[in-house]
Q: 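This structure is in structure tokens; I'll ask about it shortly.
Sequence positions, counted from 1, serve as the residue numbers for this chain.
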Amino acid sequence: MATVFTANRSSVLVDGEPLEGLQSLTFRVVTEREDVRAVGSVERIDVSFGLRTVQGELAVKSANFVLDGHLQEQTRFQLVANLKKDAGADSPKRTLSFDDCFVETKSFGMDASGSAVTTYAFSATRVREE
């Protein structure tokens, strides 16, 4: 049975401080790979794996000056997402720790019916799930 974590019970921290106005956090783990070929065959015989990185995005209502500073200064930070299902102490939890993060890009959008949203793309050396 799946555990459904809820956004209104979860929190995201940047260097230990709450990330205010967070609308979404998405990430993916990317592993380089190369197919190993056999002479005289059209099929691969093995796979060679290489560098593994984490790529993610944070969408924030309006803007975040801490993330803006990390982008400007090209400084590393830690991102921690504390995911929770309910408010109870025995409720299922999961912590995602993103190590050695760097903000790589920033994009801004605003439509006529809403407020501004800034999306920060980041990379991390690894994500640890506890």
Q: Run the side-chain contact (heavy atoms from CB on, under 4.5 Å) check on F122 and T105 step by step: do they pass?
A: CA-CA 7 Å; F122 69 92; T105 63; over 6 Å; no
Q: Quick one: pull up NZ in K85 and OG in S10 and give me the separation to the nearest 0.5 Å.
A: 12.0 Å
Q: For T95 and L83: C-alpha separation, side-chain torsions, deciding distance, then whether side-chain contact (heavy atoms from CB on, under 4.5 Å) applies.
A: CA-CA 6 Å; T95 300; L83 308 178; over 6 Å; no
Q: For L67 versus L19, what's the shortest heavy-atom pair and its separation?
A: CD1-CD1, 4.0 Å
Q: Is the closest basic N to carboxylate O distance between R44 and D46 below 4.0 Å?
A: no
Q: Going by heavy atoms in the side chains, are F108 and T119 under 4.5 Å from each other?
A: no
Q: Can you tell me how far apart CG (N82) and OG (S97) are? Round to the nearest 0.5 Å.
A: 7.5 Å
Q: For the CD atom of E57 and the CZ atom of R28, what is their distance to the nearest 0.5 Å?
A: 9.0 Å
Q: Once rounded to the nearest 0.5 Å, what's the spacing between atom OG1 of T75 and atom CZ of F102?
A: 7.5 Å
Q: What I'd like to find out is whether the side chain of L25 reaches to under 4.5 Å of the side chain of L79, using heavy atoms alone.
A: yes
Q: Would you compute the distance between atom CD of E17 and atom CG of N64 and round it to the nearest 0.5 angstrom?
A: 11.0 Å
Q: Any salt bridge (charged side-chain N to carboxylate O under 4.0 Å, His left out) involving residues 119-130? Give me the pairs, sequence neighbours left out, ordered by first then second residue.
A: R94-E129, D99-R126, D99-R128, R128-E130
Q: Looking only at non-hydrogen atoms, find the nearest pair between K106 and T118 and report the distance.
A: CG-CG2, 3.7 Å
Q: Evaluate the criterion side-chain hydrogen bond (donor to acceptor under 3.5 Å, both in side chains) for residue pair S123 and Q55; output intermediate values, then yes/no.
A: CA-CA 5 Å; S123 65; Q55 299 172 348; over 6 Å; no
Q: May I ask you to test the D100-F77 pair for a side-chain heavy-atom distance under 4.5 Å?
A: no
Q: For K61 and S115, test the side chains for any donor-to-acceptor distance below 3.5 angstrom and give the result as yes or no.
A: yes
Q: Work out which heavy atom in G50 is nearest to a heavy atom in T31; give both atom names and the distance.
A: O-CG2, 4.0 Å
Q: Flag the pair V29 / R52 as yes when at least one side-chain heavy-atom distance between them is below 4.5 Å, and no otherwise.
A: yes
Q: Heavy atoms, side chains only, cut-off 4.5 Å: are R37 and V39 in contact?
A: no
Q: Let me check something: do L58 and L71 share a hydrophobic cluster, defined by ILVMFWY side-chain heavy atoms less than 4.5 Å apart, either directly or through other members?
A: yes
Q: Hey, does H70 have a side-chain heavy atom less than 4.5 Å from the side chain of D15?
A: yes
Q: Look at the side-chain heavy atoms of Ile, Leu, Val, Met, Phe, Trp and Tyr, link any pair under 4.5 Å apart, and say whether V60 and L13 land in one connected group.
A: no
Q: For E34, look at atom CD and say whether over 12 heavy atoms of other residues, nucleotides or ligands are found less than 6.0 Å away.
A: no
Q: Who passes ring-ring contact (aromatic ring centres under 6.0 Å, His included) against Y120, sequence neighbours left out?
A: none
Q: Can you establish whether the number of heavy atoms outside F65 located under 6.0 Å from its atom CZ is more than 12?
A: no
Q: Applying ring-ring contact (aromatic ring centres under 6.0 Å, His included), can you list everything that pairs with F27, at least two apart in sequence or on another chain?
A: F98
Q: Go through it in stages, so that I can follow the logic: the residues are V80 and V12, the test is side-chain contact (heavy atoms from CB on, under 4.5 Å), and I'd like the CA-CA distance, side-chain angles, deciding distance and then a yes or no.
A: CA-CA 6 Å; V80 177; V12 175; over 6 Å; no
Q: In Å, rounded to the nearest 0.5 Å, how long is the span from CD of Q74 to CD of Q72?
A: 8.5 Å
